Amino acid sequence: MIALVDCNNFYASCERVFQPRLEGKPIVILSNNDGCVIARSDEAKALGVKMGAIAFMNREFFEANGVQVFSSNYTLYGSLSNRVMRKLGSFCNNIEYYSIDEAFLDFSTHPYQNLEQVGFDIKSQVVSEIGIPVSVGMGPTKTLAKMANRFAKKTKKQIGVHLLDSADKIAEVLAFTEVADIWGVGPQYAKLLQKNGFHTAADLLNAPEEWVRKNMSVVGQRTFNELKGIRSIAMEESPAAKKNICVARGFGQLINNKAELQGALANYVSIVAEKLRKGMLCTKQLHLFVETNQHRAQDEQYYRSIDVALPVASNDSTELLHYANLGLDRIFRPGINYHKVGCMALDLIPENQIQFSMFDAQNRLRKNTMMKALDNLNIDLGKNSVQFASQGSGKNWHLRQEKCSPCYTTRLQDILTIQI
DNA sequence: TCTGGGGTCCTAGGACCC
DNA sequence: TCTGGGGTCCTAGGACCC
């Protein structure tokens with residue numbers, strides 16, 4: 001059996017952990033720049049607030065209905081996620097950390113007698129020790145475990161645990177689940193399936209396998225087999241090596257001058273470099289892009305990107321900043337209202353496998369030491385304590401985050417004090 | 001004023017090789 | 001007068017996930 005444990009309305013639940021007054025109230029969490037809704041509590045869902053709802057168009061509705069609005073606070077969510085995952089790890093050592101709020105637990109080699117009871121234990125211990133409510137679905141494959149989890153949330157919210165341990169229970173869930181709600185079936189495939197008369201997961205099982213293979217590629221075929229109970233999507237117990245790292249963000253306000261654009265890009269490049277060093281990786285190629293805001297019909301639209309090859313694979317901020325600037329020179333055009341800039345590191349290789357160049361003029365050892373010192377300072381003194389001058393100080397492009405909650409678990413000033 | 005930000009995998013087609 | 005077949009690598013685009 002595989003279990004899928006999923007935190008209920010994770011971001012909204014995180015906000016509640018340290019603010020119990022939010023219990024029972026409708027909550028929404030907004031995307032970067034407070035743009036649109038990316039998470040909702042049950043109460044907000046019940047009010048009809050849709051995923052992706054535009055914040056500024058709903059402001060009055062939120063006020064009128066007492067909806068509590070938060071900017072996203074990934075520091076807080078990441079920290080609470082770690083706590084949840086650590087707890088889940090104590091139930092099962094074959095665990096895949098699938099996303100910030102979900103994990104697969106493979107119980108096939110565990111000696112538990114009563115898996116349903118294990119599900120209840122997970123649920124009650126996570127909520128009592130960490131404060132985050134979870135649901136548990138179990139089935140013979142990952143896809144069926146996902147489906148069982150969704151079934152638990154939709155049909156037996158209070159219980160929150162559903163186990164597919166018989167053919168009848170599997171059949172029930174397959175008939176209950178629409179094709180669009182199958183893990184691995186997105187909007188395009190759902191449309192295709194509907195058009196061909198397959199409406200539920202049970203219908204899909206009646207499709208000829210060759211048809212699935214031909215129209216939905218091997219990915220669809222794997223899902224098809226998983227629905228039949230044949231394990232086709234493996235557990236990934238150690239995270240796969242990253243193939244690229246991307247940092248890109250829309251600006252809090254439009255930018256039309258180059259210096260500010262450079263400043264924003266320098267910040268994102270610095271984050272990319274930091275992530276590379278943390279993963280002990282180097283990049284051989286940067287991909288840079290700038291773009292305008294597609295939603296502003298009054299602005300001239302512009303999108304350009306460029307790949308910049310590095311002579312030697314690197315994770316040195318100064319070097320990456322240098323090449324990023326060269327790239328930006330090539331794609332920058334004056335007179336444009338820019339909305340977003342991004343930097344992607346491609347061709348990642350482990351930092352101990354670099355192919356050095358005979359003509360390399362850099363003193364890489366020294367640079368490495370400097371970068372380590374920089375990273376350590378930023379750990380000790382807090383994020384961004386030490387920066388490069390090119391990162392600028394103006395920061396008009398900064399994210400708009402008007403309603404961010406405190407970082408209760410990661411920032412000393414934000415720790416709650418309790419009066420006794 | 002205001003519309004998210006990361007990722008992965010697969011396929012088809014072109015360039016190139018012998 | 002004639003235009004194979006098999007293979008690899010790369011890229012762009014499309015699908016999906018949270």
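Here is the naming used below: chain letters follow the sequence lines, and residue numbers restart at 1 for every chain. Here the structure is a predicted model, which is why all the values come from computation and not from measurement. What you see below is based on every heavy atom in this structure, not just the backbone, and it leaves out hydrogens, waters and symmetry mates.
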Compare side-chain N and O positions of [X] against OP1 and OP2 of [N] and report whether any pair is under 4.0 Å apart.
X: A:Arg222; N: B:dC10; result: yes
X: A:Lys340; N: B:dT3; result: no
X: A:Arg296; N: B:dC2; result: yes
X: A:Arg59; N: B:dT1; result: no

Output the rounded distance in Å from [atom1] ([X]) to [atom2] ([N]).
X: A:His295; N: B:dT3; atom1: NE2; atom2: P; value: 7 Å
X: A:Met344; N: C:dA12; atom1: CE; atom2: C1'; value: 13 Å
X: A:Asp299; N: B:dC2; atom1: CG; atom2: P; value: 9 Å
X: A:Ile100; N: B:dG5; atom1: CD1; atom2: P; value: 16 Å
X: A:Gln401; N: B:dG4; atom1: CD; atom2: P; value: 15 Å
X: A:Gln221; N: B:dC10; atom1: CD; atom2: C1'; value: 13 Å
X: A:Leu254; N: B:dT3; atom1: CG; atom2: C1'; value: 13 Å
X: A:Gln188; N: C:dG13; atom1: CD; atom2: C1'; value: 13 Å

Would one find more than 12 heavy atoms of other residues, nucleotides or ligands at under 6.0 Å from atom [atom1] of [X]?
X: A:Lys157; atom1: NZ; answer: yes
X: A:Lys278; atom1: NZ; answer: no
X: A:Glu209; atom1: CD; answer: yes

Original post:
Should B:dT11 form a Watson-Crick or G-U wobble pair with both distances under 3.5 Å, which nucleotide is its partner?
Top reply: C:dA12
Original post:
Does B:dC17 have a Watson-Crick or wobble mate here (both distances under 3.5 Å), and if so which one?
Top reply: C:dG6
Report the nucleotide, chosen from [options], that has the shortest atom-to-atom distance to any side-chain atom of [X].
X: A:Arg400; options: B:dC10, B:dC2, B:dG4; value: B:dC2
X: A:Arg213; options: B:dT1, C:dC18, B:dT11; value: B:dT11
X: A:Pro187; options: C:dC18, C:dC16, B:dC10; value: C:dC16
X: A:Tyr189; options: C:dC18, B:dG4, C:dC16; value: C:dC16
X: A:Trp183; options: B:dG4, C:dC17, B:dG5; value: C:dC17
X: A:Val219; options: B:dC10, B:dG5, B:dG7; value: B:dC10
X: A:Lys242; options: B:dG4, C:dC16, B:dG7; value: B:dG7

Original post:
Is there a donor-acceptor contact under 3.5 Å from the side chain of A:Asn73 to the main chain of A:Pro406?
Top reply: yes
Within the 4.0 Å heavy-atom criterion, would you say [X] contacts the bases, only the backbone, or no part of the nucleic acid?
X: A:Ile245; value: sugar-phosphate
X: A:Lys191; value: nothing
X: A:Gly342; value: nothing
X: A:Glu102; value: sugar-phosphate
X: A:Leu192; value: nothing
X: A:Asn293; value: sugar-phosphate

Original post:
Would you call A:Lys142 and A:Glu96 a salt bridge, using N to O less than 4.0 angstrom?
Top reply: yes
Subject >> P spacing across the pair C:dC18 / B:dT3, given as an integer number of angstrom >> reply: 25 Å
Original post:
How do A:Ser217 and A:Phe56 order along DNA chain B: which one's closest nucleotide is nearer the 5' end?
Top reply: A:Phe56
Original post:
Does A:Asn32 or A:Asn244 map to a spot on DNA chain B nearer the 5' end, using the closest nucleotide for each?
Top reply: A:Asn32
**OP:** Would you please classify the geometry between the A:His339 ring and the A:Phe251 ring as parallel, tilted or perpendicular, with 30° and 60° separating the classes?
**Re:** perpendicular
**OP:** Take A:Lys258 and A:Asp329 through the test salt bridge (charged side-chain N to carboxylate O under 4.0 Å, His left out) and record every step on the way to the result.
**Re:** CA-CA 9 Å; A:Lys258 190 169 174 188; A:Asp329 284 342; 2.7 Å; yes
